[in-house]
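In what follows, a structure is listed as structure tokens, so that the remarks can point back to it.
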Amino acid sequence: MTTQQVLVFIGPPGAGKGSISRICQDRLQWKKISTGDLCRKHIYEQTEIGKEIDFAIKSGKLVDDTLITEMVAKWLENQEKGGSIIFDGYPRTVVQATLFEKLIKSKFPSLKVTVIRLTLSDEEVIARLSTRYVCQNKECQQVYSIRSSAFAPRKENECDSCGHQIGRRSDDMPEAIEERLKGYYNHEQALIDLYTQKGYIIPEVDMNQPIEKIFTILRDMMEGKA
Ligand code: ADP
């Protein structure tokens with residue numbers, strides 16, 4: 001059985017998980033699943049799940065562990081085999097990590113998980129989220145920043161990838177940012193402890209450095225494992 005690499009990022013909101021994942025998708029043809037993007041798509045399409053999770057998302061709270069895991073299972077079922085997969089924003093709690101492990105064992109035994117911790121100071125997180133813009137096309141959701149020319153859209157208010165309008169996320173407002181950061185730190189250490197107990201070595205990547213450098217570090221880490 002050939003193994004398929006899965007990259008799990010543990011890192012605060014705004015660390016740049018989405019941005020670096022996008023680069024790895026474009027340049028290395030890795031696949032990416034963002035549970036945040038999946039949630040926002042449900043809300044936009046006003047599905048039953050979307051109606052259920054709308055409030056949690058807007059207020060920066062986490063969505064139910066089982067529900068999120070079901071979304072992940074469904075996404076995995078629809079993927080063709082092969083290529084590395086980046087998990088952006090899942091698992092984020094010990095319960096999710098445990099459910100994910102069960103899911104892999106029972107249905108996707110060829111997946112091999114690597115866990116990487118992404119670090120960034122709270123001040124930088126807040127500065128990034130407060131200046132973040134996201135493509136409003138729910139199939140795209142590309143991330144931009146008006147703070148850094150490296151991440152600004154080429155045309156004002158327009159997504160480089162699909163041409164849709166870009167805008168702010170409802171949970172990138174100060175109260176929700178605070179709630180998300182608090183939520184992240186509530187789970188971070190327990191998640192790291194769980195993976196460490198299971199024998200994972202968790203390398204750290206400082207996200208406060210040029211994105212090209214981060215890309216090289218991640219690519220080299222994953223090539224070492226290929
Ligand atoms: P960020 O990591 O920047 O907070 P995401 O786009 O990853 O943003 O997630 C946005 C929101 O989607 C979260 O605040 C939460 O409500 C929901 N969400 C995403 N992933 C998960 C998850 N694994 N478990 C629970 N809720 C999640």
Side-chain angles (χ1 to χ4, degrees), residues 6-22 32-45 47 49-76 85-104 113 115-122 124-145 151 166-188 190-191 194-195 207:
V6 165
L7 194 55
V8 166
F9 287 148
I10 301 180
K17 302 184 286 288
S19 304
I20 192 64
S21 306
R22 176 72 69 149
K32 170 191 131 171
I33 168 171
S34 156
T35 41
D37 285 355
L38 288 180
C39 288
R40 284 183 289 276
K41 192 159 179 278
H42 272 289
I43 293 174
Y44 178 75
E45 290 171 353
T47 64
I49 291 178
K51 286 177 203 157
E52 199 180 320
I53 65 179
D54 191 27
F55 179 73
I57 300 272
K58 282 201 183 105
S59 47
K61 296 194 185 322
L62 288 184
V63 168
D64 176 74
D65 291 321
T66 308
L67 187 59
I68 281 280
T69 304
E70 281 165 9
M71 282 186 204
V72 169
K74 205 163 164 196
W75 184 90
L76 279 171
I85 308 174
I86 296 183
F87 274 69
D88 170 2
Y90 179 93
R92 339 188 151 191
T93 65
V94 164
V95 174
Q96 289 177 21
T98 309
L99 289 172
F100 188 43
E101 196 170 79
K102 278 191 194 147
L103 179 70
I104 290 179
V113 174
V115 182
I116 296 181
R117 183 180 186 188
L118 308 179
T119 60
L120 194 70
S121 70
D122 288 358
E124 185 61 22
V125 162
I126 292 165
R128 286 188 186 182
L129 294 180
S130 317
T131 52
R132 169 158 91 171
Y133 278 73
V134 178
C135 175
Q136 302 296 292
N137 171 7
K138 298 299 174 233
E139 300 296 339
C140 178
Q141 302 197 39
Q142 173 126 335
V143 175
Y144 296 95
S145 170
F151 296 103
I166 60 173
R168 303 300 315 281
R169 256 172 57 175
S170 59
D171 59 350
D172 277 347
M173 300 305 155
E175 310 75 51
I177 292 177
E178 205 181 303
E179 184 69 32
R180 282 155 65 204
L181 259 181
K182 216 167 64 192
Y184 173 71
Y185 287 118
N186 276 342
H187 295 284
E188 183 197 51
L191 204 50
L194 178 85
Y195 277 118
M207 296 304 278

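Start at 1 and go down the list; that is how both ligands and their atoms are numbered. Bear in mind that the values here come from a model prediction, so they are computed numbers and not experimental data.
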With heavy atoms only and a cut-off of under 4.0 Å, state how Leu62 meets ligand 1: side chain, backbone, both or neither.
-> both
Which atoms of ligand 1 are found less than 4.0 Å from any heavy atom of Asp171?
-> 10 (C)
Please determine, by modelled atom types, if Thr47 and His42 share a side-chain donor-acceptor pair under 3.5 angstrom.
-> yes
Select the closest option to atom 24 (N) of ligand 1 among Arg92, Gln96, Arg132, judged by heavy-atom distance.
-> Gln96
So the atoms of ligand 1 within less than 4.0 Å of a heavy atom of Lys61 turn out to be 14 (O), 15 (C), 16 (O)
In ligand 1, which numbered atoms sit nearer than 4.0 Å to a non-hydrogen atom of Lys17?
-> 2 (O)
Would you call Lys58-Asp171 a salt bridge at under 4.0 Å N-O?
-> no
Will you find, in the side chains of Tyr184 and Asp122, an N or O donor that is under 3.5 Å from an N or O acceptor?
-> no
Would you say Arg169 and ligand 1 have an N/O pair spaced under 3.5 Å apart?
-> yes
Indicate, as side chain, backbone, both or neither, the part of Arg40 found under 4.0 angstrom from ligand 1 when only non-hydrogen atoms are considered.
-> side chain
Of Thr35, Ile33, Ile57, Val95, the one whose closest heavy atom lies nearest atom 20 (N) of ligand 1 is Thr35
Answer with yes or no whether the side chains of Ser34 and Tyr90 bring together a donor and an acceptor at under 3.5 Å.
-> no
Would you mind running through ligand 1 and noting each atom that sits below 4.0 Å from a heavy atom of Gly89?
-> 20 (N), 21 (C), 22 (C), 23 (N)
Which of parallel (below 30°), tilted (30 to 60°) and perpendicular (above 60°) describes Phe100 and Phe87?
-> tilted
